[in-house]
Participant: 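First the structure, then my questions, so here it is.
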Amino acid sequence: MNQCVPVKERDRAALIQRLQNIRDEVRDLWDGVAVQPAPGGVLLVLSGNEQEKQIRIEITEKGIKNLQIQSRQNRFNLSLSTLSETFEQLALEGMAGVVLPEA
């Protein structure tokens with residue numbers, strides 16, 4: 001972009017382009033829409049056409065601070081040998097709960 005354009009205008013153009021890119025990436029994902037709480041904001045989960053995208057929306061007292069498409073998280077393999085490691089990772093991600101053994 002031309003350096004003669006004021007910074008405020010360059011920032012606005014970059015923001016509009018970024019929002020258009022996010023819109024284009026999730027355009028066809030409206031079969032399922034969910035909002036989940038996330039640290040510092042919410043996670044907007046969109047699904048359709050056998051795929052899913054998550055948009056992290058960071059919110060402050062002044063409003064929306066950031067929007068970004070989350071990278072796909074690796075699924076974990078839960079077994080007796082990975083149980084402790086998996087729960088430690090989930091706790092680091094802010095999850096909590098109780099696991100009950102099968103009767």
Side-chain angles (χ1 to χ4, degrees):
M1 191 170 250
N2 188 336
Q3 293 300 324
C4 295
V5 177
V7 171
K8 186 175 182 179
E9 293 301 316
R10 285 197 313 260
D11 290 347
R12 181 174 170 76
L15 173 63
I16 290 170
Q17 183 61 54
R18 187 162 175 234
L19 293 174
Q20 287 173 339
N21 291 344
I22 291 172
R23 179 196 62 200
D24 292 346
E25 196 166 332
V26 301
R27 182 182 305 274
D28 297 325
L29 304 178
W30 295 105
D31 291 342
V33 178
V35 178
Q36 301 172 353
V42 296
L43 200 59
L44 179 62
V45 182
L46 305 168
S47 61
N49 299 326
E50 298 184 21
Q51 59 178 321
E52 176 183 286
K53 299 275 183 175
Q54 298 178 350
I55 300 174
R56 179 166 169 67
I57 304 170
E58 292 180 50
I59 302 172
T60 67
E61 60 278 350
K62 293 182 179 181
I64 295 175
K65 177 181 175 184
N66 191 20
L67 275 116
Q68 67 183 37
I69 293 184
Q70 291 285 111
S71 58
R72 187 170 175 90
Q73 294 182 350
N74 295 333
R75 300 200 183 267
F76 54 85
N77 180 21
L78 187 59
S79 67
L80 285 177
S81 62
T82 63
L83 195 60
S84 178
E85 173 186 319
T86 301
F87 285 167
E88 287 173 12
Q89 181 59 39
L90 292 173
L92 288 173
E93 294 174 12
M95 295 184 152
V98 175
V99 176
L100 300 173
E102 269 187 316

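The basis for the numbers below is simple: all heavy atoms, side chains too, and nothing from hydrogens, waters or symmetry mates. Keep in mind that this is a model prediction, so the values were computed, not measured.
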Participant: Search all heavy atoms of L29 against all heavy atoms of G48 and return the closest pair with its distance.
Facilitator: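 For L29 and G48, the tightest heavy-atom pair comes out as CD2-O, 3.2 Å.
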Participant: Between CG of L43 and CD of Q54, what distance do you get to the nearest 0.5 Å?
Facilitator: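 Answer rounded to 0.5 Å: 4.5 Å.
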Participant: I need the I59 CD1 to N66 CG distance, nearest 0.5 Å.
Facilitator: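 It comes to 11.0 Å.
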Participant: Show the nearest heavy-atom pair for residues V33 and L44, with the distance to one decimal.
Facilitator: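 Answer, listing the atom of V33 first, then L44: CG1-CD1, 3.9 Å.
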Participant: Can you list the residues that meet the side-chain hydrogen bond (donor to acceptor under 3.5 Å, both in side chains) rule with E88, with sequence neighbours excluded?
Facilitator: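 Applying side-chain hydrogen bond (donor to acceptor under 3.5 Å, both in side chains) to E88 gives S84.
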Participant: Work out which heavy atom in A38 is nearest to a heavy atom in R56; give both atom names and the distance.
Facilitator: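 A38 and R56 have their closest heavy atoms at CB-NH1, 3.2 Å.
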Participant: Are I16 and I64 connected in the hydrophobic side-chain network, where two residues link if heavy atoms are under 4.5 Å apart?
Facilitator: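 Not linked; separate clusters.
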Participant: Under 3.5 Å, is there a donor on one side chain and an acceptor on the other for Q17 and N21?
Facilitator: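 Side chains of Q17 and N21: pair found under 3.5 Å.
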Participant: When rounded to the nearest 0.5 angstrom, what distance separates CD in E50 from CG in D31?
Facilitator: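 Reported to 0.5 Å precision, the distance equals 10.5 Å.
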Participant: Is it possible for you to say whether V26 and L67 belong to one hydrophobic cluster, with membership spreading through side-chain heavy-atom contacts below 4.5 Å?
Facilitator: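 Yes, because V26 and L67 connect within a single hydrophobic cluster, where side-chain heavy atoms sit under 4.5 Å apart.
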Participant: Got a second to check how far I55's CD1 is from E25's CD, nearest 0.5 Å?
Facilitator: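 Rounded to the nearest 0.5 Å, the CD1-CD separation comes out at 8.5 Å.
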Participant: Any chance you could measure Q68, atom CD, to I57, atom CD1, to the nearest 0.5 Å?
Facilitator: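 It is 11.0 Å, given to the nearest 0.5 Å.
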